[in-house]
2 protein chains.
Amino acid sequence: MSATLPICPLDKKYLYRKITIMEQEQTLKTYTLTDDEQRLSEMMKALGHPARMQIIRYLMEHPQCITGDIVDVLPLAQATVSQHLKVLRDAGLICGTIEGTATCYCLCYESVDWFKAQVGNLF
Amino acid sequence: MSATLPICPLDKKYLYRKITIMEQEQTLKTYTLTDDEQRLSEMMKALGHPARMQIIRYLMEHPQCITGDIVDVLPLAQATVSQHLKVLRDAGLICGTIEGTATCYCLCYESVDWFKAQVGNLF
DNA sequence: CATATTCATCGTATTTTTACGATAGAGAAG
DNA sequence: CTTCTCTATCGTAAAAATACGATGAATATG
């Protein structure tokens, strides 16, 4: 398996330097994410499920739709779809507005733009 | 909770039209993702864990490093870090090359570029 | 007012993920 | 050759995610 991976030779000098440093420094274990990176990771998690990705795509193609529309189109029970919608809501990727007995969902374009910008800057 | 969500008024005409259509069409439940979207979702899932996001960020800042470097910096056991590295490898986001007893890891820039392009096109 | 519809939430079973100690293999070092 | 280092994998316990039926709240319909 490793044999098929691209070559990425280790710089021996770097290795030597690293060992020298490690003898002096303490193991800190304090490498943390910024708040933005944390939030980005949460959004990624929300999008990291095929059903939720499907919902996002559906909302792109159908900018105004209600829960039932999405339920009709996915191979999942209504309760499950509702749960996925909640995850996307909590991640800030979509917003829902109650309209009578229905709930109208749409993409939260502000968050989506933020997400795209963050991904653009990430790597 | 719903009260704080942005307003997204449902178009009554659309609702009416939808009902009319639904009377004619069958419930298909065949809304699927493309292969690209499926793969994108898997990458999102891989990035949807703070530890793995930390690893990616560390690899950005330290383009050449070995497993031990990452273990030193994260508050996780070596076995756990190795498991996260495997997830990132399986997602194609990083690649590892065995160098003696160590394994050198680096970002897979090809996949990263693909990921960024897909996110750019997604919404 | 009685009934239909729409949907979020609850409770719960199942599956998956996460984390870690232990282990083993593959080199390097002495 | 023996020992030490580095790391992937295994087994497993605990936590989280996923899926669904049942329920209830809110509203529309007759």
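What you see is a predicted model; the values in this text were computed from it and never measured.
- Counting only distance, with no hydrogens or angles, the side chain of B/H62 and the backbone of B/Q64 share no donor-acceptor pair below 3.5 Å.
- Per the geometry, CD1 belonging to B/I94 stands 13 Å off P belonging to D/dT7, to the nearest Å.
- Donor-acceptor pairing under 3.5 Å, judged by distance alone, is absent between the side chain of A/Q83 and the base of D/dA17.
- Annotated as syn: C/dA4, whose O4'-C1'-N torsion sits within 90° of 0.
- Nearest-nucleotide positions on DNA chain D place B/A79 closer to the 5' end than the other of B/A79 and A/G48.
- The side chain of A/S82 contributes an N or O atom lying less than 4.0 Å from OP1 or OP2 of C/dA8.
- The side chain of A/R89 lies closest to C/dT9 when the candidates are C/dC7, D/dA8, C/dT9.
- B/L74 places its CG atom 13 Å from the P atom of D/dT7, with the value rounded to the nearest Å.
- Of all nucleotides listed (D/dT9, D/dA17, C/dC20), D/dA17 comes nearest to the side chain of A/K45.
- The nucleotide D/dT27 finds no pairing partner, because no Watson-Crick or G-U wobble arrangement with both distances shorter than 3.5 Å includes it.
- Here the nucleotide nearest the side chain of A/H84, chosen from D/dA19, C/dA22, C/dT6, is D/dA19.
- Here the nucleotide nearest the side chain of B/Y105, chosen from C/dT9, D/dA8, C/dA8, is D/dA8.
- Contact annotation for A/T80: base contact, defined as any heavy-atom pair under 4.0 Å involving a base atom.
- Of the candidate nucleotides D/dA22, D/dC6, C/dC20, D/dA22 has the atom lying nearest to any side-chain atom of A/Q78.
- For the pair B/R57 and A/Y31, the cation-pi test (distance below 6.0 Å, angle within 45°) is passed.
- Closest to the A/H49 side chain, of the nucleotides C/dA19, C/dA26, D/dA19, is D/dA19.
- Comparing atom distances between the A/T101 side chain and each of D/dC20, D/dT27, C/dA8 picks out D/dT27 as nearest.
- If you check the side chains of A/E37 and A/T34, you find a donor sitting under 3.5 Å from an acceptor.
- Nucleotide C/dA22 forms a Watson-Crick or G-U wobble pair with D/dT9, both donor-acceptor distances falling under 3.5 Å.
- Of the possible donor and acceptor atoms, none in the side chain of B/T103 sits under 3.5 Å from a partner among the backbone N and O of B/G96.
- Backbone-only contact: B/T67 has heavy atoms under 4.0 Å from sugar-phosphate atoms and none from a base.
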- prompt: A/V119 and B/F115: side-chain contact (heavy atoms from CB on, under 4.5 Å), yes or no, with the steps?
  reply: CA-CA 9 Å; A/V119 170; B/F115 179 79; 3.8 Å; yes

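- Side chain of A/T103, nearest nucleotide from D/dA8, C/dT9, C/dA8: C/dA8.
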